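First the structure, in the form of structure tokens, and then the observations on it.
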Amino acid sequence: MSQSEKTGGVARPAPRAQVRAIDPSKLPKHFDADEISARWDRFWQDEGVYHYDESRGRSETFVVDTPPPTASGSLHIGHVFSYTQADVVVRYKRMTGMNIFYPMGWDDNGLPTERRVQNYYHIRCDPNTPYEAGLRFEQASADTRKKPARLVSRPNFIEACFDLIKEDEQAFSVLWHRLGVSVDWRHEYQTIDARCRRVSQFSFLDLWQKGHVYTSDAPTMWDVDFQCAVAQAEVEDRQVPSAFHQLEFAVEGEPAARIVIATTRPELLPACVGVTAHPDDERYKSFFGKRAVSPLFRAPVPIFPSELADPEKGTGILMVCTFGDQTDVQWWRTEGLALRQIIGNEGRLRPVDFGKAPFASLDVPRANAAYAEIAGKNVKQAQARIVELLRDPSASATGNGAPLVREPEPIQHSVKFFEKGDRPLELLTTRQWFCRLLDRKADLIAKGEEVEWHPAHMRTRFRDWTENLAIDWCLSRQRYFGVPIPVWYPLDANGRPDYDHPIVAAAEALPVDPTTDVPKGHSEAQRGKPGGFVGDPDIFDTWFTSSLTPQISSHWGTDAERHARLFPADVRPQGHDIIRTWAFYTIAKAMLHEDEIPWRHALISGWILDPERKKMSKSKGNVMTPLPLIETYTADAARYWAASARLGADTAFDENVWKIGKRLVTKLFNAAKFVLSQPGEIAPITNELDRAFALQLRNLVGNATRNFDAYQYAHALQETETFFWTRFTDTYLELTKARARGEVAGASAVDPAASGSAVAALRLGLSVLVRLFAPILPFITEEIWSWAYSQEAAELDPSAPAAQRSVHRAAWPNSSDFQGIEAPAHAESFDVAIAALAAINKAKADGAVSMGREVVALTLRATAPTLEIFAGVRSDVLAAARVSGCEVEATAGFGAGEFAIKAIEFAERSIEGA
RNA sequence: GGGCGCGUAGCUCAGUUGGUUAGAGCACCUCGUUUACACCGAGGGGGUCCGGGGUUCGAGUCCCUGUGCGCCCACCA
């Protein structure tokens, strides 16, 4: 019994392999891979070979949580890599009899689409521009791009997004068909479509009812270019040049005292709200409780002790600004410091008045004059200007000369960036929606432990990320193309929104757009009016929706029966770079909603690196597009390449592997042509060599099945490939060729039993190997299957749908393939035959004669037990080696199955062996 | 600073729980065209398994240590 039969797969009888011979002259000499793949893709789609069957139960269903690609990205060789790896696993499961649910989604909501649309059409969204019905755009020309981008309304912008993603999704779809990704196209969705918007908003409602989401006006990481909040998961560190600036502060009431503070952000000096040092630091101990006075702005701020201050860093004392980094936020909170926000949403210094709270100065006119020098500038410009000002002795708070006490000292340090951004993130206080996660870290980790990760060490990444989570999930984004947050806020008598009592949309009303839809019990006339309401203008983080892909497919919230059937899913294939986002949020959502895990297995694929082992990226210009390679090497070869890499292994791109894949495809074509064109009639597999071959084939099936069950498809492929070349085409085919045709030396008539046994074993071998290769090489295997084997299915059950004729719906090789074949007398018979043939071949190579040269006299040496086994396969070996006269000599001193040539004589020429 | 992974032939990679003389493909060299296949076949050369130490009858495999590379995270006055 095979592994899959034991582990839940549905064992089905194997084809009988009693297929009739085909006429090879009807097949092309070389095959046309493009024609084959187009033809079979059509067949698979027309016949619904990959359709999910709703009538079958959960236990025999295998549910895939397909990654929806970002359609606005470009086609990348990495797509071929990871989607093929998942497809290989799925195709295997399908052949074990599982009912496959394999949907296809497109992740088109979000920033990448907006950016692409902006660039492609050279437009910008401006919510103040009026909507123009019927407005369509064309790809911007180089000339157009030189002019400022056209401003369009939000609805027009969204229409443009829909237009472009349609084109992009088409391009991906073409590649998927070309690659033979066996998704069920009837289950297609876009993360921006109405149904996904509904699921996404329903998720928010559920989280709101369960108390997991809240809104808060708090310091949040903010991208000044996108003018949008970002979550911790979207942040990355980058090394950038910076400089330490040492600034001298005065201490109030202590004219002799001075404090020198090192900062990399002197432009935040006007936002300084405190000064701190380590409580044990003797240099500053005496100042705690007093007030420091900043240079230039003469702002008095409290000096307080903090364990978080490191005496070794900089000068050991630092200024707290609102906000330079997360620690500033912490100090601001614990010390109850003032909020002096000087950076505006667009990254420029806002106008402020040092005469008014929360700002303060001992010399208001001077402070305002200094600030006027930097107001309106961006962070970089402001820094340059403020450094100049700090070189002026009159700016000093102590009267000791220039506050910049020495030249800035250049350093490299890492700064937080939005992963898609170009300028460092700022911490700005803005109102955002959050999802509580910090209080559930332990539960999240426990859920991560329930998931089986492949490879297992990827679990560590999930755990590490979860353990180190520092802030709740910021859900809201100040963008346009995404799922709207389904809430309104009541307006008080003064027209101010009451954020503490949001009006959340009703479930039956979803999806809603609160900027155009009206909450229950209100009218459009009340929008924006005192006593009325206002819609939340924000949209969700794109991960808020894509973290629901299992629930999107299961129709959670609208179809409880289907949801029960499809959730949780069985597998989630994805890349390791998005464990902290996609995998993490998906696990979080499943837990918060239903205390479930979203899927049992996470299949983590690696990355394609360029030949120098560098990550492929657009900016490096080393990205490869897949279609030209597929055209050169065939889609099966592309899949061979992808399936040669283990899960999780980052792999250097090597075109050579594609070449080998193509060679394998060609060899399969030729071997199949040969095997199926043998004219002999089938007979029971009784010959010793054939039985020994069948035994090895059976072992191969067991190993391949075990490997596939463990998601080790690369091992299965490698072993199957090795067997195919070294046990089938190079050896078994050669050894049985003559007997299959009835060309046995010394026999005047064909022995139908001997010939039929060989023909049957050849057909069985091909049938099994084609099915073992089918998950990886779907096109060539389907082609071969169609020549003979598929007709058998049709004959067995003429009423069966055509889809049943596909190799991809055929039974995965199992014990029933080998039913009725007796074990060989010696398990080693096949190996002994190969060894004997190899020994004779070597003698021919040494003698520099062709493999076809007849051997008129041969003396073989081996141990007596080896020779006994040899006797059972002797006639096949001699026929394959074209030996007409053979003697054997039992000799001690050889290993089991080892042969030596004592003497060999070729026709018309001879040499003497040792 | 913490964590994870990797280091095996010129190249890309296998090598299960320790067990014959460490493998494959490509590349290289020699030979061979008889119809399944030149998108071929046969044969051959090539390795200090990153270094050091240890456990063991026995280590590519296990332990310790060093080193190089990649990635993730943290720090970031």
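Any value given below was found using the heavy atoms of this structure, including those in side chains, with hydrogens, waters and symmetry copies removed. Within every chain, numbering begins at 1; the chains are lettered A, B, ... in the order of the sequence lines, protein sequences first and strands thereafter. Keep in mind that what you see is a predicted model, and the values were worked out from it rather than measured.
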What nucleotide among [options] has an atom nearest to a side-chain atom of [X]?
| X | options | result |
| --- | --- | --- |
| A:A838 | B:U12, B:G43, B:C72 | B:G43 |
| A:N670 | B:A36, B:A14, B:C4 | B:A36 |
| A:H457 | B:G32, B:A14, B:C4 | B:C4 |
| A:R461 | B:U12, B:C71, B:C26 | B:C71 |
| A:D730 | B:A42, B:C26, B:G15 | B:A42 |
| A:R882 | B:G43, B:A74, B:U34 | B:U34 |
| A:T460 | B:A74, B:C4, B:C37 | B:C4 |

Answer yes or no: does a side-chain N or O of [X] lie under 4.0 Å from OP1 or OP2 of [N]?
| X | N | value |
| --- | --- | --- |
| A:K667 | B:G25 | no |
| A:H576 | B:G5 | no |
| A:K416 | B:C75 | yes |
| A:Q232 | B:A74 | yes |
| A:R663 | B:C26 | yes |
| A:K737 | B:A36 | yes |
| A:R741 | B:A36 | yes |

Please report the distance, rounded to the nearest Å, between [atom1] in [X] and [atom2] in [N].
| X | N | atom1 | atom2 | value |
| --- | --- | --- | --- | --- |
| A:N703 | B:A14 | CG | C1' | 14 Å |
| A:D310 | B:G1 | CG | C1' | 13 Å |
| A:W607 | B:G70 | CH2 | P | 13 Å |
| A:D654 | B:A27 | CG | P | 11 Å |
| A:D650 | B:G70 | CG | P | 12 Å |
| A:I901 | B:A42 | CD1 | P | 16 Å |

> Considering only heavy atoms and no angle criterion, is a donor-acceptor pair shorter than 3.5 Å present between the side chain of A:E734 and the base of B:A36?
Replying inline: yes
> What about A:D237: does its side chain form a donor-acceptor pair under 3.5 Å with the base of B:C75?
Replying inline: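 Side chain to base: pair found, below 3.5 Å.
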Within the distance-only criterion (no hydrogens, no angle test), does the side chain of [X] pair as donor or acceptor with the backbone N or O of [Y] below 3.5 angstrom?
| X | Y | result |
| --- | --- | --- |
| A:T84 | A:V80 | yes |
| A:K441 | A:E467 | yes |
| A:W331 | A:Q326 | no |

> Between A:K673 and A:W787, which heavy-atom pair has the shortest distance, and what is it?
Replying inline: N-CZ3, 3.8 Å
>> Quiz question: by atom type and distance under 3.5 Å, do the side chains of A:S605 and A:Q574 form a donor-acceptor pair?
In response: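 Side-chain D/A pair, A:S605 to A:Q574: absent.
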>> Taking any heavy-atom pair under 4.0 Å as a contact, classify A:W331: base, sugar-phosphate, or nothing.
In response: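 Counting heavy atoms under 4.0 Å across all strands, no contact is made by A:W331.
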> For A:F244, which contact category applies under a 4.0 Å heavy-atom criterion: base, sugar-phosphate, or nothing?
Replying inline: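 Here A:F244 touches the backbone only, sparing every base.
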> A:F728 vs A:F693 aromatic rings, parallel, tilted or perpendicular, using cut-offs 30° and 60°?
Replying inline: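 Rings of A:F728 and A:F693: parallel, under 30°.
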> With nearest nucleotides of RNA chain B determined for A:F674 and A:N841 from heavy-atom distances, which residue corresponds to the more 5′ nucleotide?
Replying inline: A:F674
